[in-house]
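Both ligands and their constituent atoms are indexed starting at 1 by order of listing. Heavy-atom basis, side chains included; hydrogens, waters and symmetry copies ignored.
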Amino acid sequence: MAETPAEPPTRCGYVAILGAPNVGKSTLLNRLVGSKVSIVSPKVQTTRTRVLGIAIEGRTQIVYVDTPGIFGKTRRRLDRAMVAAAWQGAADADLLLLMVDASRRDPGEDTTRILDGLREAGRKAILVINKIDLVRREPLLLLSDRLYATGLFTDVFMVSAETGDGVRDLAVAIAPRLPAGPWLFPEDQLSDMPLRLLAAEITREQLFRQLHQELPYALTVETERWEEFKDGSAKIEQIVFVERESQKPIVLGKAGARIKSVREAAQAELARLLERKVHLFLQVRVRENWAEERDRFRDLGLDYDV
Ligand code: GDP
Ligand code: MG
């Protein structure tokens, strides 16, 4: 009996993207998935929840986990919960990527802490050196050698998440290292983040972009209502929660100019993302002691008791 050549097995696995704040984890995730999934912002610590981005590479489904940055000062309960969530994401993953910023002279405290964590856990990672568009070759090789010498990396990829340079090579290298098995998500699914949450994140990103240094740290956005109309358009009502009455005028701006501009930008982004006309309505409200509220943590998928 002639043997039929077997089809290669399907593969599926979780890949955690670890790295200090601002190294470009969310940018890389969006690039790998080819759609806006996680939130990219020039400010640090904008990623609070674990976001899944799902990509297909050949017969492999790669499920990326975007972790909140693992950072040092864990005084606040919210910070501690974010650090715990990041390490949980790492422990659950089949493969780890550690991202560093090529434009920084040395890896920094946060990266050092992650390296220690890897060592303690006895795990290896793929080193991803990002932002190579910003640096010359020699210092890049120096950084690469120095990190590789830790013995914690299986290999090194140099990429620019911003331009896409080297990103495809990384995806191609990841796929065969994931376990053989059925796909865990439908083929057309890009993220497991519910649309309401995603819509709130889009507005929060605009607030981050437009409020710059003045941004109240513990600001959140929640989607209150979502109505779909026969003509295909959607009406989305959101509430922007701040901690104190005194923060309201900052968010509103002079004669409401700032919230208007945030609303317009978020609305345009949502329309692009949802591929339909969107009417976005924003309200600013005060919610005190946000960062200590147990419910907020649960809503964000974070553990309060760490
Ligand atoms: P995260 O905190 O690690 O998720 O970092 P983000 O993805 O939010 O990126 C932080 C900042 O670095 C943003 O301003 C990005 O536009 C920028 N960035 C990310 N990747 C690159 C890159 O490859 N080159 C350059 N020049 N900037 C980048
Ligand atoms: Mg991020």
Salt bridge check, R113 against D116: does any charged N sit closer than 4.0 Å to a carboxylate O? no
Can you find an N/O atom of V159 closer than 3.5 Å to an N/O atom of ligand 1? no
Option from R204, R287, Q238 for which side-chain hydrogen bond (donor to acceptor under 3.5 Å, both in side chains) with E222 holds: R287
Hey, is CZ on R258 packed in by over 12 heavy atoms from elsewhere, all under 6.0 Å? yes
Is the shortest N/O to N/O distance between T163 and ligand 1 below 3.5 Å? no
To the nearest 0.5 Å, tell me how far K25 NZ sits from N130 CG. 10.0 Å
Counting heavy atoms under 4.0 Å, the part of L134 that contacts ligand 1 is side chain
With a cut-off of 4.0 Å, which atoms of ligand 1 are near a heavy atom of D133? 22 (C), 23 (O), 24 (N), 25 (C), 26 (N)
May I ask you to check whether over 12 heavy atoms, not counting those of R168, lie within 6.0 Å of atom CZ? no
Backbone or side-chain N or O of P21 under 3.5 Å from ligand 1 N or O: no
